[in-house]
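Just so we're clear, the structure is a prediction, and the values are computed from it rather than from any experiment. Lettering of chains follows the sequences in order, A, B, ..., and the numbering in each one begins at 1.
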2 protein chains.
Amino acid sequence: MVVSSGRCFIQEGAPAHDFYVLTGGRAKLFTLMPDGRRQIVGFAELGDFLGLTSSETYAFTAEALGDVTLCRFPHSAIDRLVERFPRLRGRLQKEASSELVKMQSRLMVLGRKTARERLASFLVEQASPCCGHHALHDEQEPITLPLPMSRTDIADYLGLTIETVSRTFGLFRKEGLISVKGASSVTLLAPGVLSDIANGIKRD
Amino acid sequence: MVVSSGRCFIQEGAPAHDFYVLTGGRAKLFTLMPDGRRQIVGFAELGDFLGLTSSETYAFTAEALGDVTLCRFPHSAIDRLVERFPRLRGRLQKEASSELVKMQSRLMVLGRKTARERLASFLVEQASPCCGHHALHDEQEPITLPLPMSRTDIADYLGLTIETVSRTFGLFRKEGLISVKGASSVTLLAPGVLSDIANGIKRD
DNA sequence: CGGCTGTTTGAGCTGTTTCAACACCCGTGG
DNA sequence: CCACGGGTGTTGAAACAGCTCAAACAGCCG
C-alpha cells in the first residue's frame, strides 16, 4: 500500500490488527501525552518492521514523512509467514534486538546529553547508514544528508525545543562543522569532530 | 549461578558469548559515557532475558542489586534450546516486544517529562507488578514498595541528579502522596493521584 | 508580488543542576 | 554501651542550560 505525506497509518492506542514492513520512504513514530507533549520514538526506514507489539493496541502513531510504501500483514498471519519464509524468523529477532540497542543509546541521549551532544548524536545517527561499514568516527570526507523531517520533529526526537535545535544548528554552522542548505539538507564538514561531540569527548 | 550484591555479570563492550535468564533478585542495567556519565536503561527482574544482542558485544553493563541468581546459556546454544522448548520462541518474541514498548514510554519520560512527572512515573512503574491486573490509575489503597536501588540509581534512571530526586521525594511526602521508611521503602498513599501526575494530568 | 508556513534570532525567565554544608544510618572498635 | 567514622541521603543558595514568549526573517507557491 501507499501512504501519502503526512498521513498516519498506525494510531497509538488503536487495536493492533496488522503489522507493516516499510518498503519505501521514511516515517516518524511518536507517542503523545494527554496535554499534547510529543516524543518521537524513532524514524523508520527501508526494511523496518512496524506495529509488532505484545499488547492488544499499538504503542505509537506512525506518520509518513514524504510518500511511503509498505506491505501490510494481519498479525494472525505471522505464523504462516514464518512457516513459508523461515529466514524471516531470524530477521525478526535481529530487528528486535538491534532496535533495543538503538533504544538504549537514545535513552543516553535523552537522559544525560547536552543540547550540543544531542544534535551531534542525531546527525551522526542519520549519517551512519550513508557511510556504511567504516566507522564514521575517523571519517574525514564531508557527508551530505537529506533531512526529511522538520525542525519540530528533530526537537521532539531529541527532547528539545525547536528554538534550541535551531540555535545549535547555528552554532555548528558558525564553527564550520556543518553547512546547511534550505533547512532540509545538511552536509557534515567534520564528521569525526561531530562524532566526538556526540560522545562527550573534547579534543584540544 | 549466583552473583553477589554489587557485582557486574555483564560488561558493556565485552564480547557477547552468553545470555542469561534472571531467576532471582534484581539487577540494574546501564551504559556509560567516556567521561563517566551514566544512564540506567532498565531494572531487570524475575524472568527477564539479558544479553541478547544482534551485535558482537554487550550494549550495557549489568550489576546485581542485592544477591542475584541466574541461568547462563552460551549464545550458540539458543537454537538448540528453542528446539527443545518450542514455547521459548514465543517467550523471546513477547519479551522483546514488551521491552520495546517499555522503552518507548521511557523515552517519553526522559525527553518530555518534568522531574515531578518522572519520579511519579518511576513509582507507578515500580508499583505496577505488585498490583497486577487491575489498573493502578483508580487504585485507592496504599501500596508499599521495596526500593532496592539507591537514590543515585534512581537519578541515573530518570535523567536527574540525586538532589532533584531527593527534593521531589520530599515534596511528595509533604503533599501526603507517599510516606518513606528509611530510604529503601516507600508506600504510595494516593496511587491514583501519582498516576495522574505521571501522565501530566492536573485534577483540581 | 502578497500570504502562508516554517525557521531563525533576541531577551528574559525558570526548573534543574551545581556546589557546599549538614543530618542520618549503621557497623566498628574502644 | 556509646563515641567514632564513612557512606548515603537531605537541605540550602547560587549559577546556568535550555525554555518561553515575541518578533523578524526566509522560503515557497499560487
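In summary, contact between chain A and DNA chain D, defined as any nucleotide atom under 4.0 Å from a heavy atom of the protein, begins and ends at D:dG18 to D:dC21 in the 5' to 3' direction. Interface limits on DNA chain C: the 5'-most and 3'-most nucleotides within less than 4.0 Å of chain B heavy atoms are C:dT16 to C:dC19.
Within 4.0 Å (heavy atoms only), B:Ile162 reaches no atom of the nucleic acid at all.
Under the side-chain hydrogen bond (donor to acceptor under 3.5 Å, both in side chains) criterion, A:Thr31 pairs with no residue at all, not counting sequence neighbours. Applying the salt bridge (Lys or Arg N to Asp or Glu O under 4.0 Å) criterion to A:Lys113, with sequence neighbours excluded, gives no partner residue. Residues forming a side-chain hydrogen bond (donor to acceptor under 3.5 Å, both in side chains) with A:Arg167 (at least two apart in sequence, or on another chain): none. B:Tyr157 is linked by a side-chain hydrogen bond (donor to acceptor under 3.5 Å, both in side chains) to B:Arg106, B:Glu125, counting only residues two or more places apart in sequence or in another chain. For B:Ser97, there are no side-chain hydrogen bond (donor to acceptor under 3.5 Å, both in side chains) partners at least two apart in sequence or on another chain. Residues passing the salt bridge (Lys or Arg N to Asp or Glu O under 4.0 Å) test with A:Glu175 are A:Arg116, sequence neighbours excluded.
Within the 6.0 Å centre-distance limit, the rings of A:Phe19 and A:Phe73 are counted as a close aromatic pair.
Minimum interatomic distance between B:Ile162 and B:Ala155 (heavy atoms only, all atoms of both residues): N-CB, 3.6 Å. The two atoms that bring A:Val68 and A:Ala64 nearest to each other are CG2-CB, 3.8 Å, heavy atoms only. Between B:Thr114 and B:Glu117, the shortest heavy-atom distance links the atoms N-OE1, 2.9 Å. Closest of all the heavy-atom pairs between B:Leu147 and B:Gln126 is CD2-CG, 4.4 Å.
Nearer to the 5' terminus of DNA chain C, by closest-nucleotide assignment, is the contact made by A:Ser150 (compared with the other of B:Leu160 and A:Ser150).
Checked for salt-bridge contact, A:Arg151 and A:Glu163 miss the test: no charged N lies under 4.0 Å from a carboxylate O. Salt-bridge annotation for A:Arg26 and A:Asp48: absent, with no side-chain N of the basic residue lying under 4.0 Å from a carboxylate O of the acidic one.
Using a 4.0 Å cutoff on non-hydrogen atoms, the parts of residues 163-173 of chain B near DNA chain C are B:Glu163, B:Thr164, B:Arg167, ordered by number. Against DNA chain D, the stretch residues 175-184 of chain A makes no heavy-atom approach under 4.0 Å. At a non-hydrogen distance threshold of 4.0 Å, B:Thr114, B:Ala115 from residues 103-119 of chain B come into contact with DNA chain C.
A side-chain donor-acceptor contact under 3.5 Å links B:Gln39 to the backbone of B:Asp156.
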Show which side-chain atoms of residues 5-13 of chain B pair as donor or acceptor with protein atoms under 3.5 Å away, not counting sequence neighbours.
from    : atom 1 : to      : atom 2 : distance (Å)
B:Ser5  : OG     : B:Gly66 : N      : 3.3
B:Glu12 : OE1    : B:Leu32 : N      : 3.1

